[in-house]
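See structure below.
Numbers here are sequence positions counted from 1.
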Amino acid sequence: MRTSPSTATATVTVIGLGPMGQAMAAAYLDRGYRVTLWNRTASRADALVERGATLAATPEQALRASDLTVLSLTDFDAMYGILEPAKAAIAGRTLVNLSSDTPEKARAGARWVTELGGIHLTGGVLCPPPLIGTPDASTFYSGPRAAYDTHRAALEVITGKTDYRGEDPGLAALMYQLNMAIFWPSMIAYWQAVAVAGAHGITAAEIAPYATENFAGMGHFIDFYAPRIDAGNHAGDVDRTVMGLASMDHVVHTATDAGVNAAFPEAVRDIFRRVVEAGHGADSFSRAVELMRKG
């Protein structure tokens, strides 16, 4: 991992100071970068300014302060809302947009920046704010390879690992959303378990080690099913959807018997049910992939 600012990236601007943006700005300060900030709520910059960062009065001033600007915003619409009045300052500068949005929104945003004479790199950060600046955290990037290479040392300040996915600005957004499609439902599944456990007087801390072990074991299943799915093999030699449906029915009733909202497991059960009703009850539950592909 590269830890020292290069000549090209010793100065950086961070726009957007939610928890993630604040963590990124702090990481740059830790590495000796000259950091310029802008945020709608200026007071969020106070602690960083005390550490030596500069708070710009306007987005245009923030952009002009550095060749490299990191955007940490809610979505790409927020980028337009903030930078449209400052678009004259985009020319000749590189914008690293770490805001979450769809691949198509990322492509449109990249075109907008490029048409204004700037360079756009899309990014997708795969860690929470407390892990920003650590060597094992990772971020997807896509966009112009030359810009990625030029600013790689600065990008590695945010996360020690960077995964460049290609020139298409939508690819980093796609890879990020694929990971979010796994992360959010997985965590909701844990909240569901916590709610049911709590109804029986069992604490979240008590089931945490078992949940951690469960999540750790998921890698085995992913590695097992991935090549089979790619080969179109949904044979019921290891598992059968009809058994999954029965199991999810037990999960739903366990929740409802405890007086816990069962909307989430009911949605999962419905997927199993649809596969069975399509005539694939004897197939592996990986057959659900084909059902989802059909919309």
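Inter-residue side-chain proximity for Arg93 and Arg64 is flagged as met; some heavy-atom pair is nearer than 4.5 Å. Using a 4.5 Å cut-off on side-chain heavy atoms (C-beta onward), Arg107 and Asp168 make contact. Counting heavy atoms from C-beta on, the side chains of Ile90 and Leu63 come closer than 4.5 Å. Side-chain contact between Val96 and Leu71 is absent, with no heavy atoms from C-beta onward closer than 4.5 Å. Considering only heavy atoms from C-beta on, Ile119 stays 4.5 Å or farther from Thr114 through its side chain. Using a 4.5 Å cut-off on side-chain heavy atoms (C-beta onward), Asp249 and Phe272 make no contact. Within the 4.5 Å cutoff, side-chain heavy atoms of Thr69 are placed close to those of Ile15. Within the 4.5 Å cutoff, the side chain of Leu98 has heavy atoms near those of the Met24 side chain.
At least one donor-acceptor pair under 3.5 Å links the side chain of Thr150 to the backbone N or O of Ala146. Under a 3.5 Å cut-off, the side chain of Gln61 and the backbone N or O of Ala57 do form a donor-acceptor pair. Looking only at distances, no side-chain donor or acceptor of Tyr33 sits under 3.5 Å from a matching main-chain atom of Val35. Within the 3.5 Å criterion, the main-chain N or O of Ala10 finds no donor-acceptor partner in the side chain of Tyr28. For Asn233 (side chain) and Ile229 (main-chain N/O), no donor-acceptor pair under 3.5 Å exists by modelled atom type.
Taking the charged nitrogens against the carboxylate oxygens, Glu277 and Arg274 have no contact shorter than 4.0 Å, which rules out a salt bridge. Between Asp163 and Arg165 a salt bridge is recorded (basic side-chain N to carboxylate O distance below 4.0 Å). Salt-bridge check for Glu290 with Lys294: failed, with every basic side-chain N at 4.0 Å or more from each acidic carboxylate O. A salt bridge links Asp30 with Arg51: the closest approach of a Lys/Arg side-chain nitrogen to an acidic carboxylate oxygen falls below 4.0 angstrom.
Transitive grouping of hydrophobic side chains (ILVMFWY, heavy atoms separated by less than 4.5 Å) keeps Val268 and Met243 in distinct clusters. Connection of Val260 to Phe264 is not established within any shared hydrophobic cluster, with ILVMFWY side chains joined at heavy-atom distances below 4.5 Å, either directly or through further cluster members. Under a hydrophobic-cluster definition in which Ile, Leu, Val, Met, Phe, Trp and Tyr are linked whenever side-chain heavy atoms come within less than 4.5 Å, directly or via other members, Val251 and Val276 are assigned to the same cluster. A continuous path of hydrophobic side-chain contacts links Leu178 to Trp184 [ILVMFWY only; heavy atoms under 4.5 Å]. Criterion: ILVMFWY side-chain heavy atoms under 4.5 Å apart, direct or through other members. Under it, Val70 and Trp38 are not part of a common hydrophobic cluster.
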Using the rule given for side chain to side chain contact (heavy atoms under 4.5 Å, CB included), can you reason through Val194 versus Ile207, listing the C-alpha separation, both sets of side-chain angles and the distance that settles it, and then say yes or no?
CA-CA 8 Å; Val194 168; Ile207 69 167; 4.0 Å; yes

For Leu83 and Leu95: C-alpha separation, side-chain torsions, deciding distance, then whether side chain to side chain contact (heavy atoms under 4.5 Å, CB included) applies.
CA-CA 11 Å; Leu83 298 188; Leu95 275 59; 3.5 Å; yes

Determine, stepwise, if the pair Tyr176 / Phe140 fulfils ring-ring contact (aromatic ring centres under 6.0 Å, His included).
CA-CA 7 Å; Tyr176 175 78; Phe140 292 117; 8.0 Å; no

What do the steps show when you test Arg228 against Asp237 for salt bridge (charged side-chain N to carboxylate O under 4.0 Å, His left out), and what is the final call?
CA-CA 12 Å; Arg228 289 167 67 106; Asp237 56 330; 2.6 Å; yes

Determine, step by step, whether Lys105 and Asp75 satisfy the side chain to side chain contact (heavy atoms under 4.5 Å, CB included) criterion, reporting the C-alpha distance in whole Å, the side-chain angles of both residues, the deciding distance to 0.1 Å, and the verdict.
CA-CA 9 Å; Lys105 287 286 189 72; Asp75 52 28; over 6 Å; no

Evaluate the criterion side chain to side chain contact (heavy atoms under 4.5 Å, CB included) for residue pair Tyr148 and Thr162; output intermediate values, then yes/no.
CA-CA 10 Å; Tyr148 168 77; Thr162 59; 2.7 Å; yes

Please lay out, stage by stage, how His234 and Ser284 fare under the test side-chain hydrogen bond (donor to acceptor under 3.5 Å, both in side chains).
CA-CA 5 Å; His234 302 290; Ser284 167; 5.6 Å; no

When you look at Glu115 and Arg111, which way does the salt bridge (charged side-chain N to carboxylate O under 4.0 Å, His left out) test go after all the steps?
CA-CA 6 Å; Glu115 288 169 0; Arg111 286 193 297 270; 5.5 Å; no

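Within 6.0 Å of atom CZ in Phe221, 12 or fewer heavy atoms from other residues, nucleotides or ligands are found, so the atom counts as exposed in its surroundings. By the neighbour-count criterion of 12 heavy atoms within 6.0 Å, atom OH of Tyr80 is densely surrounded, having more than that number from other residues, nucleotides or ligands. Under a cut-off of 6.0 angstrom, the local environment of CZ in Arg240 is sparse, with at most 12 non-hydrogen atoms contributed by other residues, nucleotides or ligands. Enclosure of atom CE in Met180 by more than 12 non-hydrogen atoms of other residues, nucleotides or ligands within 6.0 angstrom is indicated.
Note that the CD1 atom of Ile182 and the CE atom of Met187 stand 14.0 Å from one another [nearest 0.5 Å]. For the atom pair CD of Glu84 and CH2 of Trp112, the computed distance is 5.5 Å after rounding to the nearest 0.5 Å. Taken from CG in Leu174 to CD in Glu104, the straight-line distance is 10.0 Å, to the nearest 0.5 Å. Asp223 contributes atom CG, which lies 11.0 Å from atom CE of Met218 (distance to the nearest 0.5 angstrom). A distance of 10.0 Å separates CZ in Phe285 from OG in Ser247, rounded to the nearest 0.5 Å. If you take CG on Leu121 and CG on Leu155, they are separated by 6.5 Å, rounding to the nearest 0.5 Å.
Listed here is the closest heavy atom pair of Glu60 and Ala89: CG-CB, 3.8 Å. In plain terms, the two heavy atoms of Leu48 and Gln22 that are nearest each other are CD2-O, 4.0 Å. Pairing each heavy atom of Leu29 with each of Ala53, the nearest pair is CD2-N, 4.0 Å. Summarising the geometry of Pro129 relative to Ala23, their closest heavy-atom pair is O-CB, 3.6 Å, with the distance given to 0.1 Å. Of all non-hydrogen atoms in Leu245 and Arg273, the two that sit nearest each other are CD1-N, 3.8 Å. Across Ala45 and Leu37, no two heavy atoms sit closer than the pair CB-CD1, 3.9 Å.
Side chain to side chain, Thr134 and Asp136 fail the donor-acceptor criterion of an N or O pair below 3.5 Å. No hydrogens or angles considered: a donor-acceptor pair under 3.5 Å links the side chains of Ser100 and Gln177. In the model, Asp239 has a side-chain atom that pairs as donor or acceptor with a side-chain atom of Tyr225 under 3.5 Å. With 3.5 Å as the limit, one finds a donor-acceptor pair spanning the side chains of Thr13 and Ser66.
The side-chain hydrogen bond (donor to acceptor under 3.5 Å, both in side chains) pairs that include a residue from residues 137-146 are Thr139-Thr159, Arg145-Asp149, where partners are two or more places apart or lie in different chains.
Aromatic ring orientation, His120 versus Phe76: tilted (interplanar angle from 30° to 60°).
Here His280 pairs with Asp283 under the side chain to side chain donor-acceptor pair (under 3.5 Å) rule; sequence neighbours left out.
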